[in-house]
Structures are given as structure tokens and as C-alpha cells.
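Written below as C-alpha cells is the structure these notes are about.
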Amino acid sequence: MINKKSLHSTINLNISENHNLLYYNIPKEIVQKLDLNDKDLLEYDIREDNFFVRKKGSQSLPVNTNNNIFSGLLVERNITRNNTVLRTNLPKEVAQPLIIAKGDQVEITIEGKVIVGRKISSKE
């Protein structure tokens, strides 16, 4: 019996920079799973070496965590449209502690309706 609906595939994202802000494109799978559009806001939280993202207003939490995710200070970012692709700014409150910079690669998975991300490589 399956009691949790979640996408357990891993997606790698490249971090880009525009006007000294870090950005990443939101893959179509995530746009569909979280029902996102360019008028939505994303909430970010960070714990240890992971960052967590969910659609603002969602009460979803990651499946395997007990770290009070999304219970403290939340950082919000807009979703923007770049041609036909949705993208968002990676907040400095997330990028700096995890040492994420332009050219880095981030690995994300979806747990329920929460994106869990972590840095996997650095620019050379």
C-alpha cells in the first residue's frame, strides 16, 4: 500500500547570475507538481547542508525531517518568466551559508510538495 505521493527523482540545476543575483530555472516537472505560475511566491528555509522550498501558502513539509522546517524565519522569492521558462532568485540567505555561487550545480528532489536542494559541485 502506498501512502505517500512523492517524486523521488533527482534533478540537477545550474546556478546562473544576473545583476549580482543568483537564479535557477524551475524544471517543468516541479512547475507541474507544485502547480506554480509566475504570480506565485516561494518560501525558502535552510537546515544544515540542505535548503527547502515550497509554494507560499502551502503547509507541506518534507517527509523525513523533524527539524522544524518552515517554522522560523522564512525567506520569500518571486517566480519570474524568462521567455517560456519559469525561474526564481536563489536568496542570499540560502546561497551564502551553503557557499553556492554562479556556475555551481544544485541537486533537487521533491518530497511531497516540498523541494529539497543541496549543492553538489563547484565551478572550476
Side-chain angles (χ1 to χ4, degrees):
M1 179 167 101
I2 298 174
N3 59 4
K4 298 280 184 190
K5 290 184 180 178
S6 62
L7 176 66
H8 288 289
S9 61
T10 300
I11 302 168
N12 293 344
L13 302 176
N14 292 318
I15 302 298
S16 61
E17 184 177 357
N18 189 11
H19 300 292
N20 293 324
L21 296 175
L22 298 178
Y23 286 90
Y24 63 92
N25 291 338
I26 305 171
K28 286 186 243 180
E29 301 97 317
I30 293 175
V31 170
Q32 292 170 349
K33 177 80 174 169
L34 301 184
D35 191 30
L36 298 175
N37 63 56
D38 55 2
K39 296 188 184 342
D40 289 325
L41 288 174
L42 296 175
E43 294 178 321
Y44 286 81
D45 198 356
I46 183 170
R47 296 287 190 269
E48 298 171 2
D49 62 347
N50 294 316
F51 63 91
F52 300 86
V53 186
R54 70 180 178 186
K55 183 176 178 177
K56 183 174 179 170
S58 169
Q59 297 302 310
S60 297
L61 296 171
V63 178
N64 298 319
T65 187
N66 57 3
N67 294 333
N68 299 320
I69 304 297
F70 299 114
S71 65
L73 174 66
L74 298 179
V75 182
E76 296 177 358
R77 286 297 182 266
N78 290 316
I79 296 174
T80 59
R81 185 173 297 279
N82 185 8
N83 296 323
T84 61
V85 177
L86 294 181
R87 70 180 193 157
T88 191
N89 168 244
L90 183 66
K92 66 180 179 192
E93 294 88 348
V94 171
Q96 288 175 345
L98 298 179
I99 314 170
I100 299 173
K102 176 185 174 185
D104 286 346
Q105 212 172 45
V106 174
E107 174 184 84
I108 61 171
T109 56
I110 298 180
E111 293 185 13
K113 294 214 173 213
V114 177
I115 300 167
V116 180
R118 68 181 183 91
K119 178 179 171 179
I120 59 170
S121 70
S122 297
K123 59 187 174 185
E124 296 299 326

Pairwise distance [atom1]([X]) to [atom2]([Y]) - rounded to 0.5 angstrom:
X	Y	atom1	atom2	answer
Ile30	Asp35	CD1	CG	13.5 Å
Phe70	Ser58	CZ	OG	8.0 Å
Asn89	Lys92	CG	NZ	10.0 Å
Asp40	Lys56	CG	NZ	11.0 Å
Leu61	Ser71	CG	OG	9.0 Å
Arg81	Lys39	CZ	NZ	9.0 Å

Taking a hydrophobic cluster as the set of Ile, Leu, Val, Met, Phe, Trp and Tyr residues connected by side-chain heavy atoms closer than 4.5 Å, whether directly or through intermediates, do Leu74 and Val116 fall within one such cluster? yes

With side-chain contact (heavy atoms from CB on, under 4.5 Å) as the test, would you mind laying out the steps for Ile100 and Leu90 before giving the verdict? CA-CA 9 Å; Ile100 299 173; Leu90 183 66; 3.7 Å; yes

Test side-chain contact (heavy atoms from CB on, under 4.5 Å) applied to Val106 and Asn12, step by step: CA-CA 6 Å; Val106 174; Asn12 293 344; over 6 Å; no

Is [Y] close to [X] at the side-chain level, that is, under 4.5 Å between some pair of heavy atoms?
X	Y	value
Thr88	Ile26	yes
Asp38	Leu86	yes
Ile115	Phe52	no
Lys119	Asp49	no
Arg77	Tyr44	yes

Trace of the side-chain contact (heavy atoms from CB on, under 4.5 Å) decision for Ile108 with Tyr24: CA-CA 11 Å; Ile108 61 171; Tyr24 63 92; 5.7 Å; no

Kindly write out the residues that satisfy side chain to side chain donor-acceptor pair (under 3.5 Å) with Tyr23, not counting sequence neighbours, or none if the list is empty.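 Applying side chain to side chain donor-acceptor pair (under 3.5 Å) to Tyr23 gives none.
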
Those residues at least two apart in sequence (or on a different chain) that pass side chain to side chain donor-acceptor pair (under 3.5 Å) with Ser16 are none

Residue pair [X] / [Y]: nearest heavy atoms and the distance that separates them:
X	Y	result
Asn68	Asp45	O-OD2, 4.3 Å
Ile11	Pro27	CG2-CG, 3.8 Å
Arg87	Asn18	NH2-ND2, 3.5 Å
Ile46	Pro97	CD1-CB, 3.9 Å

With sequence neighbours excluded, tell me which residues meet side chain to side chain contact (heavy atoms under 4.5 Å, CB included) with Glu17.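 Counting only residues at least two positions away or on another chain, Glu17 forms a side chain to side chain contact (heavy atoms under 4.5 Å, CB included) with Asn20, Leu22, Lys102.
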
State plainly whether the residues Glu111 and Arg54 are in salt-bridge range, i.e. N to O under 4.0 Å. no

Residue pair Leu13, Asn25: steps toward the side-chain contact (heavy atoms from CB on, under 4.5 Å) verdict: CA-CA 7 Å; Leu13 302 176; Asn25 291 338; 5.8 Å; no

Flag, side chain of Lys55 to backbone of Leu41, donor-acceptor distance under 3.5 Å: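 Looks like no, no N/O pair under 3.5 Å.
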
Give a yes-or-no answer on whether the side chains of Arg118 and Asn50 include a donor-acceptor pair shorter than 3.5 Å. no

